[in-house]
Amino acid sequence: MKAIVIREPGGPEVLSLDEVPEPSPGEGQIVIDVKATALNRADLLQRRGVYPAPTGESEILGLECAGVVLGHGPGASGPPVGTRVMALLPGGGYAERVVVPERMALPIPEGLSFVEAAAIPEAFLTAQEALFTLGRIAPGQAVLVHAAAGGVGSAAVQLAHEHCAR
């Protein structure tokens, strides 16, 4: 399987396309055939060597992807094989295939391309968690979004607006 890997910290010049082992799904995980991925600030920091991958997770960059479910690990039941999904990843999105806990994959809505869907999970799920789970916003409330020009901030503005917050 091919993946974009980094052998040492640095700029874009340290990225290389290499052969890597196929990922093997563990308990409750699914395998996704990656069709598109996204570039996040965390990927840039990890490439520079200042934001390590979570312990035990893939060293391959990529925190989100969109693709098609190829298979299930032990105990995983869905989404079904062949389903178009977008997923939030602990790493590994810059590869042809990735494994992810099944609960971290969402079906891609009709009308969205793989490229569009790949840009949703990291920014929008982070913004949703901040606004609704932690912030408990309600319609009509005022919301202050710092750095509204970034990925998470612009997603927060859109979600707050859709939820009738100011």
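Residue numbers count from 1 along this sequence.
The closest side-chain heavy-atom distance from V100 to I30 is below 4.5 Å. Looking at heavy atoms from C-beta onward, H163 lies in side-chain contact with P139 at the 4.5 angstrom threshold. Taking the side chain as every heavy atom from C-beta outward, V34 and F114 never approach each other to under 4.5 Å. Residues F124 and Q158 form a side-chain contact, since some pair of their non-hydrogen atoms from C-beta on lies under 4.5 Å apart. Residues V98 and C65 meet the side-chain proximity criterion, which asks for heavy atoms closer than 4.5 Å.
Evaluation of the salt bridge (charged side-chain N to carboxylate O under 4.0 Å, His left out) test over residues 88-115, restricted to residues two or more places apart or in two chains, returns E22-R97.
In this structure a side-chain-to-backbone donor-acceptor pair under 3.5 Å is missing from E57 to G91. In terms of modelled atom types and a separation under 3.5 Å, the side chain of T83 and the main chain of V85 share no donor-acceptor contact. Distance alone, capped at 3.5 Å, is enough to place a donor-acceptor pair between the Y94 side chain and the A38 backbone. A donor-acceptor pair under 3.5 Å is formed between the side chain of T37 and the backbone N or O of E64. Not one N or O on the side chain of R47 forms a donor-acceptor pair closer than 3.5 Å with the backbone of P9. A side-chain donor-acceptor contact under 3.5 Å links E19 to the backbone of M1. Judged purely by atom type and a 3.5 angstrom limit, H72 uses its side chain to pair as donor or acceptor with the backbone of P79. Side-chain atoms of R84 come within 3.5 Å of backbone atoms of L112 as a donor-acceptor pair (strictly under, hydrogens ignored). A donor-acceptor pair under 3.5 Å is absent between the side-chain atoms of T126 and the main chain of A123, judged by distance alone.
Note on L44: it clusters hydrophobically with I60, by side-chain heavy-atom contacts below 4.5 Å among ILVMFWY residues. Both L17 and L39 belong to a common hydrophobic cluster when Ile, Leu, Val, Met, Phe, Trp and Tyr are linked at side-chain heavy-atom distances under 4.5 angstrom. When hydrophobic clusters are built by joining Ile, Leu, Val, Met, Phe, Trp and Tyr residues whose side-chain heavy atoms come closer than 4.5 Å, directly or via intermediates, I137 is not grouped with L144. The cluster map of Ile, Leu, Val, Met, Phe, Trp and Tyr, joined by side-chain heavy atoms under 4.5 Å apart, puts L61 and V115 in different clusters. No single ILVMFWY cluster, assembled from side-chain heavy atoms under 4.5 Å apart, contains both V152 and V145.
The CG atom of D33 lies 4.5 Å from the CG atom of L70; values are rounded to the nearest 0.5 Å. The distance from atom CD1 of I120 to atom CD of Q128, rounded to the nearest 0.5 Å, is 11.5 Å. The distance from the CG atom of L63 to the CG atom of L89 is 7.0 Å, given to the nearest 0.5 Å. Atom CD1 of I108 is separated from atom NZ of K35 by 10.5 Å, given to the nearest 0.5 angstrom. Rounding to the nearest 0.5 angstrom, the gap separating the CG atom in L125 from the CE atom in M86 is 7.5 Å. The CD atom of E162 sits 12.5 Å away from the CG atom of L131 when rounded to the nearest 0.5 Å.
The two atoms that bring S24 and V99 nearest to each other are C-CG1, 3.8 Å, heavy atoms only. The nearest pair of heavy atoms linking A127 to L159 is CB-CD1, 3.9 Å. Taking every heavy atom of both residues into account, V143 and A160 meet most closely at CG2-CB, 4.3 Å. Between G111 and E116, the shortest heavy-atom distance links the atoms O-OE1, 3.8 Å. The heavy-atom pair separating R136 from Q141 by the smallest distance is O-OE1, 3.7 Å. Listed here is the closest heavy atom pair of G26 and P74: O-CD, 3.6 Å.
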Test log, rule side chain to side chain contact (heavy atoms under 4.5 Å, CB included), inputs V14 and R7: CA-CA 7 Å; V14 303; R7 300 274 181 232; over 6 Å; no

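Within 6.0 Å of CZ on F132 lie more than 12 heavy atoms contributed by other residues, nucleotides or ligands.
Its side chain outside the 4.5 Å cluster rule for every partner, L134 clusters with none of the Ile, Leu, Val, Met, Phe, Trp and Tyr residues.
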